[in-house]
Engineer: 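This is the structure I have questions about; it appears just below.
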Amino acid sequence: MMRNLLIISNWKLNGSKYLIKNFVSNISLIVKNYNFSIVIAPPLLYLDYMQYIIQLYNCDNYISLSAQNIDTNNYGSFTGEISAKMLKDIGIKYAIIGHADRKVFHNENSSTILKKFAILKSEGITPILCIGETKTEYQANQTIVICIKQIDNIINNFGILAFKNTIIAYEPIWAINKKTVINPIYIQDVHKAIRNYLMKYNDEISKNINIQYGGSVSNENILNLLKQPDIDGVLVGRASLNISNFIKMLNVVNNFYSC
Ligand code: 13P
């Protein structure tokens, strides 16, 4: 298996220069001992600054940055937007697309996701493609059908090879920002179903692709998630904003993987 454990932290609309400095200075003391990778997605405004601080603390080999969003265009009359080309220009390696927050609050739909996916690929930035069902779809037992539909959206337009250098993040919309995480066995089943589906198209891609889980991950539940064979990492929101909490989480992961 070629998959690398990945811990992705999505700050959403949170953070400040103060938090960034504090965060990087604290993590810089431990990150070099870790045998897994960390990706942080601060608000777009702070990407360049955070990159600078990461370099200042000599952590650029250990912490990568991701955008939380991009525009569907690379340049032009699109006031207020940020392009994949700009991300590439400042050396950003990842970008989240299709996040539930974008779907719910900004009407991001399958056609926008396709455009964003294509533009990231053309700039060589790795998409972190969020997929997942609503509560109603979950209650109607439609989870796998919905996830596969969202994956087919990519396969039907770009082919299976587009999943090379792509990360899938399974984030059930109804499980985000809750008090408890859903059953890891249930999540494992969904991840397995996604991997099995990809296997029908391409064995290599299916085996190598990172399938992350996101939705109320904390330092209490992360271990039970990562023990599942098809959960290759997590996409953490709230629990990663508190530095001591996040460091605890990273240490839990590190202890588990060093055993
Ligand atoms: P929480 O960890 O706050 O539930 O957020 C998950 C998420 O949406 C990460 O992208």
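As the structure lists them, so they are numbered: ligands from 1, and atoms in each ligand from 1. Values below: all heavy atoms of this structure, side chains included; hydrogens, waters and symmetry mates excluded.
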Engineer: In the hydrophobic clustering that connects Ile, Leu, Val, Met, Phe, Trp and Tyr at side-chain heavy-atom distances below 4.5 Å, which members other than I167 occupy its cluster, ordered by chain and number?
Structural biologist: L6, I8, V39, Y94, I96, I128, L235

Engineer: Give the residue and atom name of whichever protein heavy atom lies nearest to atom 9 (C) of ligand 1, and the separation in Å to one decimal.
Structural biologist: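 In this structure, atom 9 (C) of ligand 1 has E171 OE2, 2.9 Å as its nearest protein heavy atom.
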
Engineer: I want to know if ligand 1 touches K178 in the polar sense, i.e. an N/O pair below 3.5 angstrom.
Structural biologist: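 It does not: no N or O of K178 is found under 3.5 Å from an N or O of ligand 1.
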
Engineer: With a 4.0 Å cut-off on N to O distance, would you call E204 and K164 a salt bridge?
Structural biologist: no

Engineer: With a heavy-atom distance limit of 4.0 Å, tell me whether N10 approaches ligand 1 through its side chain, its backbone, both, or neither.
Structural biologist: side chain

Engineer: For atom 3 (O) of ligand 1, what's the nearest protein heavy atom and its distance?
Structural biologist: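 Atom 3 (O) of ligand 1 sits closest to the protein heavy atom R238 N, 2.9 Å.
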
Engineer: Would A239 count as a contact of ligand 1 if the rule is a heavy atom under 4.0 Å away?
Structural biologist: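 No heavy atom of A239 comes that close to ligand 1.
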
Engineer: Tell me, which protein residue and heavy-atom name are nearest atom 4 (O) of ligand 1, and how many Å apart are they?
Structural biologist: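 Looking at atom 4 (O) of ligand 1, the protein heavy atom closest to it is N177 N, 2.6 Å.
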
Engineer: How are the rings of Y186 and Y138 set to each other: parallel, tilted or perpendicular (split at 30° and 60°)?
Structural biologist: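 The arrangement is perpendicular - the two ring planes meet at more than 60°.
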
Engineer: Would K85 pass as a cation-pi partner of Y75, given that its NZ or CZ must be under 6.0 Å from the six-membered ring centre and within 45 degrees of the axis?
Structural biologist: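 So K85 doesn't make the cation-pi contact.
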
Engineer: Partners of D101 by side-chain hydrogen bond (donor to acceptor under 3.5 Å, both in side chains), sequence neighbours excluded?
Structural biologist: none

Engineer: Verify, without hydrogens or angle tests, whether N165 (side chain) and T126 (backbone) share a donor-acceptor contact under 3.5 angstrom.
Structural biologist: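 It does not hold such a pair.
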
Engineer: Which atoms of ligand 1 have any heavy atom of G215 under 4.0 Å away?
Structural biologist: 4 (O), 6 (C)

Engineer: Do N210 and Q212 pair up side chain to side chain, a donor and an acceptor below 3.5 Å, judged on atom types alone?
Structural biologist: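 There is such a pair (donor and acceptor under 3.5 Å, judged by atom type) between the side chains of N210 and Q212.
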
Engineer: Under 4.0 Å from any heavy atom of S216, which atoms of ligand 1 are there?
Structural biologist: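 Counting atoms of ligand 1 from 1, those under 4.0 Å from S216 are 1 (P), 2 (O), 4 (O).
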
Engineer: Just distances here: any N/O of G237 and N/O of ligand 1 closer than 3.5 Å?
Structural biologist: yes

Engineer: Quick one: nearest non-hydrogen protein atom to atom 5 (O) of ligand 1, plus distance?
Structural biologist: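 Its nearest protein heavy-atom neighbour is K12 NZ, 3.0 Å.
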
